[in-house]
Structures are given as structure tokens and as C-alpha cells.
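Counting starts at 1 for both ligands and their atoms, in listed order.
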Amino acid sequence: MKVTLWATLSANGNYSRSTPENPPRPQAFQDFERHARVAGNFIVGRSTFEGFAARGPNPAFASLDIVVVSTNSPAIEGVHVVSSPSEALELLEQRGYTSALLSGGEKLHNAFLAQGLVDELVLNHTPVIEGAGLNIHLPAGKHQVGELLEMIDLGGGVVQTRYSIKR
Ligand SMILES: NC(=O)c1ccc[n+]([C@@H]2O[C@H](COP(=O)([O-])OP(=O)(O)OC[C@H]3O[C@@H](n4cnc5c(N)ncnc54)[C@H](OP(=O)(O)O)[C@@H]3O)[C@@H](O)[C@H]2O)c1
């Protein structure tokens, strides 16, 4: 299973927070929708999923397999709820997928990175500077070198880089 970690970063390197006052750039969110359409699925942490759900139904997500990772969430209508990253990948494998899109948030991205479950990073760099915030990282002391595969100007000041990393 090829796992692609998709994330938006601020110009000062934070893992961007999205709030009602500072929503994601439309160019970045449209790119997420494109990636999700191609994958047919996405995996999301319980908190980020609640943020998506609060915005109301998104027709772009209607036909996707959405996998919510939570240690204790009850079943949620219309999505699959699993209790770990490996369970999320097993579920998608059983449903016939060969690739999975990992949409965040910070805790879930870092859990996948810590477990060596990521093959590709798609990073959207935005012209926004934040105060001290979130970041994606490997466990302390770990170091990994990736390979730059692509750089794309998404418009609206958003530049996307794509890296492969070895598991
Ligand atoms: N920059 C970006 O691209 C991007 C993308 C998405 C979100 N975000 C931002 O990220 C922030 C939310 O991130 P977050 O870290 O608070 O939340 P999150 O990762 O979306 O969700 C955290 C929850 O997911 C579950 N979870 C995470 N890792 C798990 C694991 N290994 N095993 C089992 N369950 C696990 C747990 O749910 P339970 O508590 O139910 O057990 C945990 O409390 C927001 O500020 C949002 O705007 C940014």
C-alpha cells in the first residue's frame, strides 16, 4: 500500500492550523480534493475529521472511503472508524486499494511517520507566517533523507513539493 502524507505548511515551517478565521487556502484544499478523488479514500484523525464535519457535507467526499482513526470514537455514519494507523491500512487493503491518502492532523501524521508507514510527502507551502505552532516530525533522534520528485505552483501563492521517502 502506497501511503501519501498530504500537508500544508506555513512559510515559517509550521504544520498549518486551520481555523474559521484562517481557513486553508482554496488552492490547497482543492488540491486535497483532487488527491482524494484519485486515491478514492483518505485517512484522518478524529479531531481533523470533526473539523471537516463541522463545515457540513462536502460533495467531493461523497463517494470516498473515509477512514477516521480514533482510540475511542463510536461508529460514525458514512465513514469507517478504526483504532490505529495499521488498522486503517488493513481496512483499505481489504477494500482493494493500493494507495492511501493521509490527510492529518498533526498527531496522526506523526504516528504514521513514527511507524515508518509513509512513502511520499506532498507538502503545500503557503505565504503565511504563524506563531509557535504544530509540526510534523520523526521521533527524536531519527533522520531520513527524501528525494524531490516534483514542484508545482498551485496558484494563490501556494507551492507544492512532492518527496519520496524510504520506509
Ligand atoms: N496542515 C495541514 O495540512 C493540516 C491537516 C489536517 C489538520 N491540520 C490541523 O491539525 C490540527 C489537528 O491535529 P491534531 O493532532 O489535534 O488531531 P488529529 O491528528 O486530527 O486527531 C487526533 C486524534 O486522532 C486519533 N489518533 C491520532 N493518532 C492516533 C493513533 N496513532 N492511534 C489511534 N488514534 C489516533 C485520536 O483520537 P481519539 O482522541 O478519539 O482517540 C487523537 O486524539 C488542527 O489544528 C488542524 O487544523 C492541519
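Taking distance alone, with nitrogen or oxygen atoms compared against 3.5 Å, Ser70 approaches ligand 1 more closely than that limit. Distances between N or O atoms of Ser73 and those of ligand 1 include no value under 3.5 Å.
Note: Phe52 and Phe61 have tilted aromatic rings, judged against thresholds of 30 and 60 degrees for the angle between ring planes.
Closest to atom 13 (O) of ligand 1, if we only count protein heavy atoms, is Glu106 N, 3.2 Å. If you check which protein heavy atom lies closest to atom 47 (O) of ligand 1, you get Ser18 N, 2.8 Å. Of the protein's heavy atoms, Leu134 CD1, 4.5 Å lies nearest to atom 44 (C) of ligand 1. Of the protein's heavy atoms, Val69 CG1, 3.8 Å lies nearest to atom 35 (C) of ligand 1. Nearest protein heavy-atom neighbour of atom 21 (O) of ligand 1: Ser47 N, 3.2 Å. Scanning the protein for heavy atoms near atom 42 (C) of ligand 1, the closest one is Lys107 CD, 4.3 Å. Closest protein heavy atom to atom 39 (O) of ligand 1: Arg46 NH2, 2.8 Å. For atom 33 (C) of ligand 1, the closest heavy atom belonging to the protein is Ser83 O, 3.2 Å.
Near Thr71, the atoms of ligand 1 lying under 4.0 angstrom from a non-hydrogen atom of the residue are 33 (C), 34 (N), 38 (P), 40 (O), 41 (O). Of all atoms in ligand 1, listed by their number and element, those nearer than 4.0 Å to a heavy atom of Ala7 are 3 (O). Annotation for ligand 1: atoms under 4.0 Å from non-hydrogen atoms of Ser103 are 5 (C), 6 (C).
Taking CG from Leu113 and CD1 from Ile165, the interatomic distance works out to 6.0 Å, rounded to the nearest 0.5 Å.
Summarising the contacts of atom 9 (C) of ligand 1 with Ser16, Gly45, Ala111, Pro23, the nearest heavy atom is found in Ser16. Nearest-heavy-atom check against atom 7 (C) of ligand 1 across Thr48, Leu5, Asn124 picks out Thr48. Nearest residue to atom 28 (N) of ligand 1 from Asn110, Leu108, Thr19, Thr8 is Leu108 (criterion: closest heavy atom). Nearest residue to atom 10 (O) of ligand 1 from Phe112, Tyr15, Trp6 is Tyr15 (criterion: closest heavy atom).
Nearest approach of Val81 to Ser73, heavy atoms of both residues: CG1-O, 3.9 Å. The two residues Ala132 and Asn14 come nearest to each other via the heavy atoms C-ND2, 4.1 Å. Residue Val68 comes nearest to Ile76 through the heavy atom pair CG1-CD1, 4.4 Å, listed as atom of the first residue, atom of the second, then distance.
For Arg55 and Phe29, the positive end sits near the middle of the six-membered ring, less than 6.0 Å away and at most 45° from its axis.
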Go through Asn41 and Val67 one step at a time and tell me if the side-chain contact (heavy atoms from CB on, under 4.5 Å) criterion holds. CA-CA 8 Å; Asn41 66 70; Val67 184; 5.7 Å; no
Test log, rule side-chain contact (heavy atoms from CB on, under 4.5 Å), inputs Gln160 and His125: CA-CA 6 Å; Gln160 183 175 85; His125 307 266; over 6 Å; no
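The side-chain hydrogen bond (donor to acceptor under 3.5 Å, both in side chains) test with Tyr15 singles out one residue from His137, His109, Glu106, and that residue is His109.
At a threshold of 4.0 Å, the pair Arg37-Glu33 does not count as salt-bridged, since none of the basic side-chain nitrogens sits closer than that to a carboxylate oxygen. Ion pairing of Arg17 with Glu130 is absent here, as no side-chain N (NZ or NE/NH1/NH2) approaches a carboxylate O to less than 4.0 Å.
At a 4.0 Å cut-off, at least one heavy atom of Pro85 sits close enough to ligand 1 to count as contact.
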